[in-house]
Every structure is written in C-alpha cells, then in structure tokens.
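Some notes on the structure that comes next.
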Amino acid sequence: MKVTITDKKGCKVNPNMIGLFFEDINYGADGGVYAEMLENRSFDFFPTKINEGNSPLIAWSKVGNAEFTSQTKEPLNEVNVQYAHIAGKNGEGIKNRGFDGIFVEEGKKYDFSAYLKGNAKLKIEIKSGDKTLCEEILESKGDAWAKKSCVLIATETACDGELYITFLEDGAADIDMTSLFPQETFKGRKNGLRRDLAQVLHDLKPGFMRFPGGCIVEGNGLENRYKWKETVGDIETRKCNWNRWQDADVGIFAPEYYQSYGLGFYEYFILCEDLGCEPLPVLNCGMGCQYQCKEAADDLTEYIKDALDLIEFANGDSEKSEWAHLRAKMGHPEPFGLKYLAIGNEQWEEVYFERYEKFAAVLSEKHPQIKLVTSSGPEPDGEKFDKAKAWLSDKDENFAYMVDEHYYVKPEWAFKHTDRYDNYDRTKTKVFAGEYACHIGDNQPKPNNLLAALGEAAMMTGFERNADVVRFASYAPLFAKDGYSQWTPDLIFFNNHDLYLTPSYYVQSLFAHNLPTFTVGLEREEDGDVFMSAGYDEKTNEYILKIVNKGGKKDIVLTVPIEAESVTETVLTGETLDAANSFEDKMRVCPKEIVRKVGGHEIALTAEKYSFTVIKIK
Ligand code: AHR
C-alpha cells in the first residue's frame, strides 16, 4: 500500500484534545480512586427510593453484644444529622468492612480519625480474620463532640482487613465521621486519592477532565441530582447522597451505592491541577435524567446561580467573593483558571434547549470568557441528535463553544463513520466527543478487547484529522471496580489493591502522547481495513502518522517530504481481535516501541494484523 505525507499544513490540533471523563459509576470514586477506606464512614446512609430497606449502619456490624444504634438527637452539625451510639463491655464494639475489605501494606501508615462524645477508652484495630495487623488506643471524654485521631502502622500486608472499634473498659460513646486513610496518597494530598489509580490517569497525559459525570449530574430525579455546593467545605459538612447507579438497569446491581462527596468539586479541581489538565465541570441544567424521569424545573434561578457561583468558586477573588473565599479557606487562594463549563449532561430536545438558552443568556453576558458546552443527547445520530443539530445550526460559539456528542457504538459503526467530521460546518459550535466507547454484543459485561480499542482508535483518527472541529474527546466511563461495575466496557479496571489497563486505555494514551501540532496532507491508497491520520509536531520536529489496521498484515511504502533519519514505531496489537487484558494477564495487549534508522524519503513500514501503530518520523 502506498501512503504519502505531504507538507500541506492542515488544521491546528488542540494540545489538550484527549481528556478524561470522570463519573462516580462502577465505584469509581467512593471505594475507588478516593482513598477513604471506610464505607459509610459517617453512618449517613439512608433508605432510598430504590432500596427502601437501606439502613444508616450499612457496612458496620457489632462486635460481641455491643449496643449499636443510629441516632439523630445531638448531631455533629446540621448537615451530618445521623451518628451512631455504641455501648458495651471490654472487647465489644463495632467493625467496618471497608469497601469489600480493607487493603493494608506491611510497614505503611494509616490515619484513623473519628468524632467522639461520651466517656470511653477505645481500641482501634485493623484485623484480618482474627489477626491484629495494627492497633492504637483512643480516649473519649465529656459531652461535646471532639475529633480524635491516631496513626496505625500495619505489621503485615492483607486485603481482607476490617476496622475494629472496641471498648477497653465498659463504656458508651457517640461516634460519627470516622475515617481511615493511607498516608501515601497521590501527590501526598490529605483527603486525597489512591496513588496507583491517580498515577495511571497522570500517565495517560490528559488534556482536560470532565467531572462529575455522567448521569449522576442529572440524578435519578432532581432530588438526587449532583449539587456541587454540597460537595465543598469541611468533609464532615458534606451531605451524603445516594448514587443514581444504585438503580443500575445494566451491569451489577449496587443497592448500597452512595456518594460521600469526600471527593468533591474542590478535590476535582485539585486533581486537574495535579494532572496538569483543564477542568471541565458539568452542571445540572434543571432536569433529571430523561431516561429515568420527566422532571424539568420551571424556575431555573437556583440552577443558574449554582453556575454563577461555581465560576466564582473557581475563578473569583477570595477577598471579594464568598465562594472564592471558601476556595481559599480550603487551601487554594489562587484561582483554578476555569475556562469551560458544560450545562446539562446528556439531555435532549426542546425541554433541554429552552433551559440551556436561559443559562447561556446569563452566562455569556456575565462571563463571556467562559466557553460553554451544550449537549446533543445520548446518540451520535437519529432524531434526538438531528434536533440538536438543527437547533444549533444558526448559533455561534458564544452560545455554545462545543456540543457534547456521545457514541456508545458497535466497532462496525466506528469503522464506518471515521469520516463523520470531514464535512462538518467549521464556522459554528465545535464538537466535544464527550463520551465514547465501542460496545461489543448486547449483554453486560461487554469486553474491553482489541477490536473495541481499534474501533475507538479508528474513530479518533477522524477526530484528529478534523481537529479544527473536534476540540475535546474523552472515552467513557473511566473506572470500574472488579465485581462492582454497573457499566462495561471501561478504561481502567481495579480492585482494592491492584489495577489493569485496557487496550482502550492504551489507545487514549497513545493519542494523548502523540498529538501533532497541526495536521498535514495525507494521500493513500484505499483499503477498508486501514484508517489514518497524519500531523507534524513542532516541538520534536517529527511527522506523526497513526495507522489503524483491523485486517491482515499490510506492507506500506511511506513517502515523506523530508530526508528521514529514524522512525519510532509504537505498536498496540494482539493475536486475535478478542485479545484483552486482565488482572492475571495485564500486558497481553500493550504498546511496544521500536526505533530504527532509516534514510531518504521512502520508508518501508508494516501495519501488523489487528494493530494500532503510531509512527514518528525524525
Ligand atoms: O458513561 C456512562 C453513562 O453513559 C453516563 O453516565 C451517561 O452520560 C451516559 O448515558
């Protein structure tokens, strides 16, 4: 096959184009990247409309014959209204199961803390079965809530730890807002993130992060929606919400899934800083999830105020604005430099358009520098999508800088639509490919295999070739806890002590690490199995060619407009299209790099069978 890269300069590529979609789905936040090890740490779970029997004591159980009840009479504060009362004899008390066990490592330190009231001498232990892995003593005195803490050092490594709080003498105490955190978190942050999971986000080199979802932005209904204001400030004043994915109609049923909001908007902004990427928050537009309900608020005052206040929280002057003052109080006096804001997650049709227009009118007048993002609904084509397109056809970038398009599609669809953006109107609203993944089969779990990854890579060559239209792109969803995922496929799988990366992760990472500064001309022979994009990187002075080959091995003769010195080929491939990674075989499909010397304008290349290859020509 003959391929020619020409020096015809195309469009500039957004260096931040490839990003992350973060949602607390599949136990991605609580029990996932948020490093808190205790489930229901604040005895705040409650019956939900999905699971009416849920109790405030979920994840906890009695040790011995202790008295253990949920109370509300003298709460820690007016938000955190539930707490527990424990009473018992020496050796009795309560224990927490963690998120399916607590993982501790020998020699590592863990910070335990709790608010206590009453007179009691308590032993704090992490145990694996009957074996004590670490212990400390805490004393509670008096009738006022007081925070007590200790450091536990594990003597052994274990995955099945439980946290015990037991009396050393007969006693009684009220207890609330317990917490167990590894001292080692990503970048050493207090109230921080699991180091291994956040590190692989960092390694992907994301240009932006969209948060906090996804459907949880909308909630199962408006009552359950994500309210960012309830996720900031001291963690003990953050009101626990139930997670809309309790109502998983796909994947694994999660009847006890809640959002502690320990990972809230402040932490999301901090994470963006730590990852070196742009924050892209998504706010509720006054509508519940249209799949679940028909709720749409008539009065948007509160919702629009939330958006205005968020801009203050992120960018305001801490001396002048209440919300910016809170940001400073939380530890970040400097603005976060918010540039993008999405209004509504995956909403559609007139009921949404009317609401978005009201937001846009206020926001574009008060904050014209903030680039707004709108939604085209859940599908990449069809009636809902067409209506959004028609609605946006006479609008400009001030009204909506980007429209969020979602594609959960079969690989065949992806291969067929790589030219999707070739003829898009370049003068109007740009595109945010905000959620995409190739789905194989109709049942859960859907595989994260090589075929899916090649479909995504093929689609992304179309994003890159049309980088003047597609400004941002993020695969979805991001995380899945093994055994707890309501939705597959996902980018990164993990359990309490380990993780593995999917072929799809490597595709995202290869694109993010190899974005050209601008696209260049590409002439090629037709071949329905092969998809390509080409560009030039001004920082490294390299041409970058990306080749997706979903068929058999291809020999390629590449002509380049320079005297080439060397090529670096990074190949992602596997023996079969259904090759996938797992905890047992993490590197079955992972990129391999070869560097070779070449000379002249013509380079002989091979596109391996079933492969995605990034070729950099010096
Ligand atoms: O990514 C999973 C879900 O897919 C998101 O929450 C939602 O936006 C979409 O329907």
Side-chain angles (χ1 to χ4, degrees), residues 19-30 32-33 50 201 206 209-222 224-226 241-254 257 259 268 280-285 287-293 342-349 352 356 373-382 384-385 388 402-410 413-414 431-440 442 444-446 448 452 456 459 472-481 484-493 502 504-505 508:
L20 303 171
F21 161 93
F22 193 104
E23 177 169 25
D24 190 2
I25 182 174
N26 308 327
Y27 279 75
D30 286 312
V33 74
I50 309 299
L201 301 185
M209 185 174 85
R210 163 195 176 148
F211 59 88
C215 288
I216 65 163
V217 171
E218 304 151 38
N220 176 281
L222 280 175
N224 176 236
R225 74 184 186 274
Y226 195 102
N241 194 1
W242 64 280
N243 191 307
R244 166 251 174 271
W245 292 103
Q246 268 190 14
D247 186 24
D249 43 6
V250 289
I252 293 170
F253 187 51
Y257 199 175
Q259 301 172 82
Y268 281 123
L280 170 40
V282 185
L283 292 185
N284 187 292
C285 63
M287 293 172 68
C289 175
Q290 282 167 281
Y291 282 122
Q292 312 279 331
C293 69
I343 303 301
N345 171 43
E346 193 179 64
Q347 319 281 181
W348 61 82
E349 294 186 349
Y352 168 61
Y356 179 87
V373 182
T374 188
S375 160
S376 60
E379 289 122 24
D381 47 23
K384 293 184 185 101
F385 181 84
M402 293 186 289
V403 55
D404 181 9
E405 299 189 359
H406 292 183
Y407 333 63
Y408 293 109
V409 295
K410 305 259 180 243
W413 188 99
V431 169
F432 169 30
E435 294 184 27
Y436 58 87
C438 281
H439 283 202
I440 294 169
D442 294 318
Q444 293 281 332
K446 294 185 176 136
N448 266 102
E456 290 143 16
M459 209 149 66
F472 276 162
S474 47
Y475 179 101
L478 183 60
F479 282 124
K481 186 165 192 169
Y484 287 84
S485 81
Q486 293 78 57
W487 182 293
T488 51
D490 305 287
L491 209 59
I492 300 161
F493 284 78
T502 60
S504 298
Y505 173 96
Q508 297 301 310

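Just so it is clear, the values below take in all heavy atoms, side chains as well, and ignore hydrogens, waters and symmetry mates. Start at 1 and go down the list; that is how both ligands and their atoms are numbered.
- Side chain to side chain, Tyr356 and Ser375 fail the donor-acceptor criterion of an N or O pair below 3.5 Å.
- Considering Tyr226, Trp245, Trp487 in turn, Trp245 is the only one that fulfils the side chain to side chain donor-acceptor pair (under 3.5 Å) rule with Glu23.
- Ion pair Lys481/Asp490 not flagged as a salt bridge, since none of the NZ, NE, NH1 or NH2 atoms sits closer than 4.0 Å to an Asp/Glu carboxylate oxygen.
- Between Glu435 and Arg210, at least one side-chain nitrogen of the basic residue sits less than 4.0 Å from a carboxylate oxygen of the acidic one, meeting the salt-bridge criterion.
- With a 4.5 Å cut-off on side-chain heavy atoms, Val403 and Phe385 do not count as touching.
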Can you produce the list of protein nitrogen or oxygen atoms under 3.5 Å from a nitrogen or oxygen of ligand 1, alongside each distance?
{"from": "ligand 1", "atom 1": "1 (O)", "to": "Tyr408", "atom 2": "OH", "distance (Å)": "2.7"}
{"from": "ligand 1", "atom 1": "4 (O)", "to": "Tyr408", "atom 2": "OH", "distance (Å)": "3.4"}
{"from": "ligand 1", "atom 1": "4 (O)", "to": "Glu435", "atom 2": "OE1", "distance (Å)": "3.2"}
{"from": "ligand 1", "atom 1": "6 (O)", "to": "Glu23", "atom 2": "OE1", "distance (Å)": "2.5"}
{"from": "ligand 1", "atom 1": "6 (O)", "to": "Glu23", "atom 2": "OE2", "distance (Å)": "3.3"}
{"from": "ligand 1", "atom 1": "6 (O)", "to": "Cys215", "atom 2": "N", "distance (Å)": "2.8"}
{"from": "ligand 1", "atom 1": "8 (O)", "to": "Asn345", "atom 2": "ND2", "distance (Å)": "2.9"}
{"from": "ligand 1", "atom 1": "8 (O)", "to": "Glu435", "atom 2": "OE1", "distance (Å)": "3.1"}
{"from": "ligand 1", "atom 1": "8 (O)", "to": "Glu435", "atom 2": "OE2", "distance (Å)": "2.7"}
{"from": "ligand 1", "atom 1": "10 (O)", "to": "Glu346", "atom 2": "OE1", "distance (Å)": "2.8"}
{"from": "ligand 1", "atom 1": "10 (O)", "to": "Glu346", "atom 2": "OE2", "distance (Å)": "3.1"}

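- For the side chain to side chain donor-acceptor pair (under 3.5 Å) criterion with Tyr257, the lone passing option out of Asp24, Asp247, Asp30 is Asp24.
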